Amino acid sequence: MRRAALAACMFGMLPRTAYAGDDWFSQVGFPGALQTPSAFMAPEGALGFGISRTPPYNTLYISMQPFAWLNFGARYTDITDRPYRTSTTGQSFKDKAFDVALRLYEGDSIIPALGLGIIDLGGTGNFSSEYIVASQRIFDLHASLGIGWGRLGTAGDFENPLTAISDRVRRRPGFQGGLDNTGTVAYDSWFRGENVALFGSLVWRPSFLPAWSLIAEFEGNDYSDEPATNPVEAPSRLNFGIGYKMSDDASLGVSYLRGDTLAFEIGIHPLIGVNERPSGKAYLPVLDKAAHPNYRRRLPDDEERQLGLLYDTLHYSGFFVHAMDLAPDGDAFTIWQSNAITDDPLYVLQFVGRHAANFLPERVRTITIVSMAGGAEAVRIRASRWLIEAEASGLATPDELVARSEFAAGQGWALDRARYTDLLHYPTFAYGVSPAIRSNIGGPTEFFVGQLLLKPYFTWQLSRSFSMTTTVGVSLLSELGRLTPVRSGSLPRVRSDLELYQSGSGNVYLEELEANWLFPLGSQWYGRISAGIFEEMFGGVGSEVLYRPYNGRWALSLNANYVKQRDYDQGFEFRDYEVATGHLTFYYRAPIEGIVVQTSVGRYLARDVGVTLDVAREFRNGARFGVFASKTDASSAEFGEGSFDKGFYVYFPLSQINKGLKGNGLSLNYRFLSRDGGQKVDDGRSLYSVYGHHSAGAIYER
């Protein structure tokens with residue numbers, strides 16, 4: 001009962017956002033109907049969680065749709081009649097797998113959509129399959145027909161067509177066994193095998209009953225070669241099912257499989273990534289000159305009092321003015337600001353520029369708006385006053401305003417030379433509470449144990465560049481006391497003691513207590529020095545230097561840290577292990593579809609040396625889907641089960657739900673196995689997260 005309550009709370013914390021369109025998550029996570037794939041996919045930005053029971057298998061999956069044409073899935077399959085070899089509690093075997101599906105052609109009213117996928121592309125290969133499938137919609141009927149290799153093709157309807165190219169594809173290598181092979185990508189078995197099989201599905205989603213689906217499918221798997229201990233009977237290759245959408249982002253289903261098996265499933269599939277910025281911006285101000293004379297402001301003659309009114313108006317609207325510069329005999333005005341509303345350069349120019357035009361003396365002809373981030377200049381926007389007023393009056397378009405304004409990189413310490421400086425009073429404070437989940441899936445003691453927490457945080461901004469942050473974890477509901485440590489590999493235990501940290505931290509623990517000093521090193525160069533307790537497992541000192549060319553799509557950073565391992569109770573005590581670690585990281589933001597690639601080279605926490613590749617899809621509302629992998633000089637035997645570090649992460653901005661939560665979000669960062677190779681320390685405030693999106697491209701990606 002306690003575990004059911006914990007799971008219900010965790011699922012209840014998932015974001016609820018509606019979207020138009022059908023979800024296409026099968027019972028095991030890949031795009032499809034029940035047990036067969038489809039070329040139909042969920043809308044981009046969709047995230048799927050699901051649980052299904054199809055004896056002798058129970059499946060828990062997560063499925064991400066970073067693009068309309070790409071689906072990435074990860075899952076655990078509980079093989080109920082096969083024992084977990086290292087379990088001390090007699091639990092059944094848990095198989096881990098990754099899936100990738102591509103839609104090669106979107107399709108139209110005449111030509112069907114075409115998809116290709118690889119199921120269980122690494123690990124044990126117990127469920128490995130490949131497929132090509134075509135899908136077409138005819139009114140309310142969705143039809144799919146495909147060819148399956150591997151497990152999807154065990155029925156062997158006809159000879160593998162690729163044998164016409166080479167006889168080498170007749171042999172399909174199996175899993176070689178041992179820790180050296182788990183977690184490796186089994187590309188040498190893809191689309192191989194003596195025979196293949198047909199599969200297909202029909203899904204009827206009647207327009208007059210939009211919440212219901214009727215499903216019939218024909219499998220290519222005859223269940224003659226299954227990883228279960230006992231033979232899986234399959235009197236029929238036909239499956240039938242009924243699906244029901246409980247809401248826009250939750251569904252359940254019941255099905256009759258293989259002619260003798262009743263199956264159940266439940267899924268939650270919110271749309272978390274959208275290419276629209278969160279709503280909640282304040283209305284753009286009305287230009288005084290365009291208003292009726294009875295509603296125009298009457299400004300004082302004293303220019304300093306005029307600037308004071310501008311300061312108060314912007315502050316009331318959520319814009320924080322750091323400094324202003326207006327020479328007594330000059331015609332140029334500069335204002336340094338940061339805000340909690342938006343980082344859209346056009347909106348900043350419109351909002352601040354219009355207010356400045358309303359309050360500044362008539363002699364001012366040029367307005368420069370400097371956006372601050374982390375205490376340093378990030379972007380400079382320079383525009384003529386008449387152009388700002390023309391756009392506000394409808395005599396010029398926003399595109400003309402952008403085209404005829406100057407957008408440039410920050411200028412280091414230029415703020416300190418302003419006539420009116422230090423307009424913000426320190427210290428300032430920020431605080432809040434974020435929900436969080438700590439979970440352990442696939443362990444030898446229990447398949448799933450978790451913890452539901454609240455994480456109160458408090459940040460002191462002691463000066464423009466210096467801040468301190470404290471985060472505390474408060475347990476609300478936990479089963480982590482059931483965990484036992486997993487030992488695999490011979491590297492220092494920098495992450496594989498995860499169970500000891502999770503179970504030893506108690507109901508209240510200190511997660512973070514760090515100081516960060518961010519400062520400009522010059523135009524487009526930034527620096528950081530950090531110290532304190534960085535994360536759950538390590539604390540120490542660190543530094544970083546970032547070069548972010550304003551007109552480029554790339555950035556380069558170098559960080560270095562000296563850290564020590566924390567004690568298991570996550571208080572103020574430390575263990576004996578200490579290490580110097582650091583990385584050179586190259587960032588690249590692709591010109592299309594929000595792809596961000598990070599490549600890091602350096603020394604990791606276990607003193608191994610190697611490279612990490614991280615590829616993410618970022619949406620304009622701040623959501624992110626990403627995958628990563630690290631390969632170091634540690635051998636597969638030294639690394640342990642899994643061979644090398646890999647995983648995925650999801651970030652959902654809470655501002656999508658409530659604009660007052662800007663800057664907060666829910667994160668899921670998951671490794672299928674927590675091992676010690678390729679592990680980085682979370683060493684303070686990343687400079688790229690502060691300055692990375694401030695570039696010339698931001699004005700065109702708004």
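It should be emphasised that the depicted structure is a prediction, and the values quoted were computed from it without experimental measurement.
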J.: Could you check whether any side-chain heavy atom of Val579 comes within less than 4.5 Å of a side-chain heavy atom of Val681, counting everything from C-beta outward?
T.: no

J.: Is the His315 ring parallel, tilted or perpendicular to the Tyr311 ring (thresholds 30°, 60°)?
T.: parallel

J.: Please determine whether side-chain hydrogen bond (donor to acceptor under 3.5 Å, both in side chains) holds for the pair Thr470 and Glu512, giving the CA-CA distance in whole Å, both sets of side-chain angles, and the decisive distance to 0.1 Å.
T.: CA-CA 5 Å; Thr470 299; Glu512 178 186 24; over 6 Å; no

J.: Between Leu605 and Tyr577, is there a side-chain heavy-atom distance shorter than 4.5 Å?
T.: no

J.: Looking at residues at least two apart in the chain, or sitting in another chain, which of them share a salt bridge (charged side-chain N to carboxylate O under 4.0 Å, His left out) with Arg624?
T.: none

J.: With sequence neighbours left out, what residues match Glu44 under side chain to side chain donor-acceptor pair (under 3.5 Å)?
T.: Arg617

J.: Quick one: salt bridge (charged side-chain N to carboxylate O under 4.0 Å, His left out) partners of Glu304, sequence neighbours excluded?
T.: none

J.: Looking only at heavy atoms, which two atoms of Trp336 and Met372 are closest? And how far apart?
T.: CD1-SD, 3.7 Å

J.: What distance do Arg548 atom CZ and Ser695 atom OG have between them, rounded to the nearest 0.5 Å?
T.: 4.5 Å

J.: Would you please test Val370 and Leu415 for side chain to side chain contact (heavy atoms under 4.5 Å, CB included) and show each step?
T.: CA-CA 9 Å; Val370 184; Leu415 175 149; over 6 Å; no

J.: Can you confirm whether the side chains of Lys680 and Ser600 place a donor and an acceptor under 3.5 Å from each other?
T.: yes

J.: Any idea which heavy atoms bring Pro398 and Leu346 closest together, and the distance?
T.: CB-CD2, 4.0 Å

J.: For a side chain to side chain contact (heavy atoms under 4.5 Å, CB included) check, start with the C-alpha distance between Glu303 and Arg363, then their side-chain angles and the critical distance, and finish with the verdict.
T.: CA-CA 11 Å; Glu303 290 185 357; Arg363 64 183 174 82; 2.7 Å; yes

J.: Decide yes or no for Thr366 and Glu406: does some side-chain heavy atom of the first lie under 4.5 Å from some side-chain heavy atom of the second?
T.: no

J.: Any side-chain heavy-atom pair from Pro345 and Val379 closer than 4.5 angstrom?
T.: no

J.: Would Arg404 and Glu400 satisfy salt bridge (Lys or Arg N to Asp or Glu O under 4.0 Å), going step by step from the backbone distance to the final call?
T.: CA-CA 6 Å; Arg404 302 179 69 173; Glu400 290 174 323; over 6 Å; no

J.: The criterion is salt bridge (charged side-chain N to carboxylate O under 4.0 Å, His left out); which residues satisfy it with Arg354, sequence neighbours excluded?
T.: Glu391

J.: Look at the side chain of Ser475 and the backbone N and O of Leu453, then say whether any donor-acceptor pair between them is shorter than 3.5 Å.
T.: no

J.: Not counting sequence neighbours, which residues clear ring-ring contact (aromatic ring centres under 6.0 Å, His included) with Phe458? List them please.
T.: Phe429, Trp460

J.: Is the side chain of Ser338 donor-acceptor paired with the backbone N or O of Ala373 at a distance under 3.5 Å, no angle test?
T.: no

J.: Counting heavy atoms not belonging to Arg365, are there more than 12 under 6.0 Å from its CZ?
T.: yes

J.: Please enumerate all residues that pass salt bridge (charged side-chain N to carboxylate O under 4.0 Å, His left out) together with Glu535, with sequence neighbours excluded.
T.: Arg495

J.: Check ring-ring contact (aromatic ring centres under 6.0 Å, His included) between Tyr688 and all other residues, then give those that pass, not counting sequence neighbours.
T.: Tyr587

J.: Just checking, is any N or O donor in the side chain of Glu578 or Tyr562 under 3.5 Å from an acceptor N or O on the other one?
T.: yes

J.: Please list, chain by chain and in numerical order, all residues satisfying ring-ring contact (aromatic ring centres under 6.0 Å, His included) with Phe534, sequence neighbours excluded.
T.: none

J.: Can you confirm whether Leu271 sits close enough to Asp249 that some side-chain heavy atom of one is under 4.5 Å from a side-chain heavy atom of the other?
T.: no

J.: Verify, without hydrogens or angle tests, whether Arg380 (side chain) and Ala408 (backbone) share a donor-acceptor contact under 3.5 angstrom.
T.: no

J.: Could I get the full list of ring-ring contact (aromatic ring centres under 6.0 Å, His included) partners for Phe466, not counting sequence neighbours?
T.: none

J.: With sequence neighbours excluded, tell me which residues meet side chain to side chain donor-acceptor pair (under 3.5 Å) with Asn516.
T.: Glu514, Ser530

J.: So how far is it from Met324 CE to Leu307 CG, rounded to the nearest 0.5 Å?
T.: 5.0 Å

J.: Using side chain to side chain contact (heavy atoms under 4.5 Å, CB included), reason through Arg528 and Leu546 one step at a time and then give a plain yes or no.
T.: CA-CA 9 Å; Arg528 169 180 60 84; Leu546 173 74; over 6 Å; no

J.: Taking atom CZ of Arg382 as the centre, report whether more than 12 heavy atoms of other residues, nucleotides or ligands fall under 6.0 Å from it.
T.: no

J.: Please answer whether the main-chain N or O of Ile272 pairs with a side-chain N or O of Asn621 as donor and acceptor at a distance below 3.5 Å.
T.: yes

J.: Answer yes or no: is there a donor N or O on one side and an acceptor on the other, between the side chain of Arg464 and the main chain of Gly375, under 3.5 Å?
T.: yes

J.: So which atom in Val494 and which in Phe538 form the shortest heavy-atom distance, rounded to 0.1 Å?
T.: O-CE1, 3.5 Å

J.: Could you report the tightest heavy-atom contact between Arg566 and Gly571, atom names first, then the distance?
T.: NH2-O, 3.0 Å

J.: Would you name the heavy atoms of Gly678 and Ser630 that are closest together and state the gap between them?
T.: O-OG, 3.7 Å

J.: Does anything in residues 316-329 form a salt bridge (Lys or Arg N to Asp or Glu O under 4.0 Å)? List the pairs, not counting sequence neighbours.
T.: none

J.: Within the structure provided, determine whether Tyr649 and Asp614 are in side-chain contact (heavy-atom separation under 4.5 Å).
T.: yes

J.: Within the 4.5 Å heavy-atom criterion, are Thr471 and Thr469 side-chain neighbours or not?
T.: yes

J.: Spell out, as yes or no, whether a donor-acceptor pair under 3.5 Å connects the side chain of Thr421 to the backbone of Arg417.
T.: no

J.: Before you tell me yes or no, could you show the steps for Phe586 and Val597 under side chain to side chain contact (heavy atoms under 4.5 Å, CB included), namely the whole-Å CA-CA distance, both residues' side-chain angles and the distance that decides it to 0.1 Å?
T.: CA-CA 8 Å; Phe586 177 80; Val597 180; over 6 Å; no

J.: Which heavy atom of Pro66 sits nearest to which heavy atom of Phe625, and what is that distance?
T.: CA-CD1, 3.5 Å

J.: Check whether any side-chain N or O of Glu544 sits under 3.5 Å from a backbone N or O of Leu687 as a donor-acceptor pair, and report yes or no.
T.: yes

J.: Looking at CG of Leu360 and CG of Leu326, how far apart are the two atoms once the value is rounded to the nearest 0.5 Å?
T.: 6.5 Å

J.: Does Arg385 use its side chain to pair, donor to acceptor, with the backbone of Ala357 at less than 3.5 Å?
T.: yes

J.: Rounded to the nearest 0.5 Å, what separation is found between the OG atom of Ser523 and the CD atom of Gln411?
T.: 6.5 Å

J.: Are the side chain of Arg589 and the backbone of Ala555 linked by a donor-acceptor contact shorter than 3.5 Å?
T.: no

J.: Output all residues satisfying side chain to side chain donor-acceptor pair (under 3.5 Å) with Tyr526, sequence neighbours left out; order by chain, then residue number.
T.: none

J.: Is the shortest heavy-atom distance from the side chain of Tyr547 to the side chain of Leu521 under 4.5 Å?
T.: no

J.: Between Gln524 and Tyr550 (side chain of the first, backbone of the second, donor and acceptor by atom type, cut-off under 3.5 Å), is there such a pair?
T.: yes

